[in-house]
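The sequence lines fix the lettering, A, B, ..., with proteins before strands; numbering per chain opens at 1. Worth saying up front: this structure is predicted, and the values here are computed from it rather than measured.
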Amino acid sequence: MAASPAPSPQPGPGDGVRPAGSPPGGERESDPPRRIAHLDMDAFFASVELLEHPELRGLPVVVGGRRALVASRGDGLPRLKDYAGRGVVTTATYEARAFGVHSGMGLMKAAALAPEAILLPAHFEAYSRVSRAFKAAATAVAPRMEDRGIDEIYLDLTDLADDSLALARQLKAAVREATGLTCSIGITPNKLLSKLASELQKPDGITILGLEDIPARIWPLPCAAVNGIGPKATERLKTSGILTIGDLARADPAWLVAQFGPSYGAWLHAAALGRDDRPVVTVREPKSISRETTFERDLHPRLDREELSRILLDLCERLAADLARKGYRTGGVGIKLRYDDFTTVTRDQVLPEPVADAGSLRQTARACLRRVPLDRRLRLLGIRAGHLLTEAGYQAHRAQAGARREPGLFPELEG
DNA sequence: TCTGGGGTCCTAGGACCC
DNA sequence: TCTGGGGTCCTAGGACCC
């Protein structure tokens, strides 16, 4: 079953977004109208690369692939047609998208569409730096910000004085001043609609919508435009003749629930009507930290045992470094394997004591590996740290555990 | 021309406890 | 020799997102 992005308090019958002036004395007071912005950087990674390579402006440029592989061919600028490997397109400029190239597409396939496009390796440090800069610029205008990844944010504008168009212009000016880059902004009463709105006039656009605009502006869009309706749900909806958000809005809610389950079915109905009361979440603790790698060639668990062992150690060391840098311990370690047929398995194990060092991670990963079939070649190995505990949380955990055992027996060994 | 790496959330069964 | 129901935790898989 498809996941629903926080369907929020289950919209009951007749509930959801209450019309302005809903009956007094109801169970809940009418929520105050909100103003939520979604700010999305335009072709972010590619645009950052163009800051470094202004001479490539106007050309089809694709960012993706591993640096060593990308850089190893040719003397001039690497072309997509020179690439051989398992990379995917991370971002493409609008000129490259005109050839049908899009994010997530295999680079080999992209090369068939746009062989002469420039291929640049990703520079994640640079993107992170620019990401911090645009977020700082945006929060200087609108402080209540929800981080949605490296290139997009939500902002709660509800309590700000200026009108929405003025705020959008201020945000775009601030982002451009700080980074030299353009973004697109949607402003509506909720996150769902704002996310849709910011896409409507990309790049460099501003789109402000009210609930009254839903039939004309939202309903003609394909279902897949909704954040939370992915490839599987799109396909299932299509087989029932539901192609647009408007089709979905007209579908019988009971039928949707029967087809997609109580949670997702109800959410689909609410989403099609533009109903969404999720708050802008300004602080969040991570739930897990992970590292994974796809091999350049498929590896056999026995024949390539040493190489796999080296790769596992490397992943554990990098994960341990991540934990140390971010100040977490993990109380549960998991592994992920992808076989040559692309099937994926995971194994998890909770730990009696939280750990953070590479050796403990590796030991637990090996225990997990013993529970998994190792009879065919692998293309990916990953390791994940869950049940995260901050250093403060860990001290509290230790104090509790210590109190439960022999209190004060070895005080010199305690924290 | 097969399909990266980092995440979140949901479901569902079984164990275990009350 | 049987019979509940609820609650939480653990585990595995999968959809989805950036």
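- At a threshold of 4.0 angstrom between heavy atoms, the contacts of K109(A) include nucleobase atoms, whether or not backbone atoms are also involved.
- By the side-chain contact (heavy atoms from CB on, under 4.5 Å) test, E292(A) pairs with K336(A), L380(A), sequence neighbours left out.
- Distance, L351(A) CG to dC9(C) C1': 15 Å, rounded to whole Å.
- Atom P of dT3(B) sits at a distance of 23 Å from the matching atom of dC18(C), rounded to the whole Å.
- At the heavy-atom level, V350(A) lies under 4.0 Å from the strands shown only through sugar-phosphate atoms.
- Across dT11(B), dC18(C), dT3(B), the shortest atom-to-atom separation from the side chain of V88(A) is found for dT3(B).
- R371(A) has its CZ atom 13 Å from the P atom of dC10(C), to the nearest Å.
- When the options T91(A), L181(A), D151(A), T179(A) are evaluated for a side-chain contact (heavy atoms from CB on, under 4.5 Å) with V48(A), the one that passes is L181(A).
- Ring geometry for H123(A) against Y127(A) counts as perpendicular: the plane angle is over 60°, on a 0 to 90° scale with 30° as the lower cut.
- Rounded to whole Å, the distance from CE on M105(A) to P on dT3(B) is 13 Å.
- Note on V226(A): only backbone sugar-phosphate atoms sit closer than 4.0 angstrom, heavy atoms only; bases stay farther off.
- Contact check, S290(A) against dG7(B): a side-chain N or O comes under 4.0 Å of OP1 or OP2.
- Stacking annotation: Y264(A) is not stacked on the base of dC10(B) (requires ring centroids less than 5.5 angstrom apart and an interplanar angle below 30 degrees).
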Distance-only donor-acceptor pairs under 3.5 Å for side chains of residues 361-368 of chain A, two or more places apart:
{"unit_1": "T364(A)", "atom_1": "OG1", "unit_2": "S360(A)", "atom_2": "O", "d": "2.9"}
{"unit_1": "R366(A)", "atom_1": "NH2", "unit_2": "S309(A)", "atom_2": "OG", "d": "3.1"}

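- Proximity of R86(A) to the phosphate of dC2(B): no side-chain N or O atom is located under 4.0 Å from OP1 or OP2.
- Cation-pi check for R297(A) over F295(A) is not met; the charged atom does not lie both under 6.0 angstrom from the ring centroid and within 45 degrees of its normal.
- Applying the side chain to side chain donor-acceptor pair (under 3.5 Å) test between D340(A) and each of R379(A), R377(A), R376(A), H300(A) identifies R376(A) as the sole match.
- Between T346(A) and dG13(C), a side-chain N or O to OP1/OP2 separation shorter than 4.0 Å is present.
- Atoms NZ (K232(A)) and P (dC9(B)) sit 22 Å apart, rounded to a whole Å.
- Using a 4.0 Å cut-off between a side-chain N of Lys or Arg and a carboxylate O of Asp or Glu, K172(A) and D204(A) qualify as a salt bridge.
- In this entry the distance linking CD1 of I150(A) with P of dC17(C) reads 19 Å, nearest Å.
- In this structure, the side-chain contact (heavy atoms from CB on, under 4.5 Å) partners of E285(A), at least two apart in sequence or on a different chain, are Y328(A), T390(A).
- Look at CE on M108(A): it is 13 Å from C1' on dT3(B), rounded to the nearest Å.
- Paired runs in DNA chain B that reach 3 or more consecutive Watson-Crick or G-U pairs, where each pair keeps both distances under 3.5 Å, cover B:5-18 with C:5-18.
- Considering only the side chain of A233(A), dC16(C) comes nearest among dC18(C), dA12(C), dC16(C).
- Comparing dT1(B), dC18(C), dG5(B) by their closest approach to the side chain of E292(A) singles out dG5(B).
- Residue V89(A) is classed as having no contact, given no heavy-atom separation below 4.0 Å to the nucleic acid.
- Distances shorter than 4.0 Å separate none of the side-chain N or O atoms of T344(A) from OP1 or OP2 on dG14(C).
- Side-chain N/O atoms of R236(A) include none lying less than 4.0 angstrom from OP1 or OP2 on dA15(C).
- Heavy-atom contacts from other residues, nucleotides or ligands closer than 6.0 Å to CZ of R325(A) number more than 12.
- Between the CH2 atom of W267(A) and the C1' atom of dC10(B) there is a distance of 13 Å, given to the nearest Å.
- Under 4.0 angstrom from either OP1 or OP2 of dA12(C) there lies at least one side-chain N or O belonging to R347(A).
- Near-neighbour residues of DNA chain B inside residues 375-391 of chain A, defined by a heavy atom below 4.0 Å, number-ordered: R379(A), L380(A).
- T293(A) comes within 4.0 angstrom of sugar-phosphate atoms only, judged by non-hydrogen atoms across all strands, and of no base.
- Spacing between atom CZ of F99(A) and atom P of dT1(B) amounts to 17 Å, rounded to whole angstrom units.
- For T294(A) and K287(A), each mapped to the nucleotide of DNA chain B holding its nearest heavy atom, the one lying further toward the 5' end belongs to T294(A).
- Each of G106(A) and K326(A) was matched to the nucleotide of DNA chain B holding its nearest heavy atom; the match closer to the 5' end belongs to G106(A).
- A search for side chain to side chain donor-acceptor pair (under 3.5 Å) contacts involving E116(A) returns K81(A), not counting sequence neighbours.
- Around the CD atom of E212(A), the shell of radius 6.0 Å holds more than 12 heavy atoms that belong to other residues, nucleotides or ligands.
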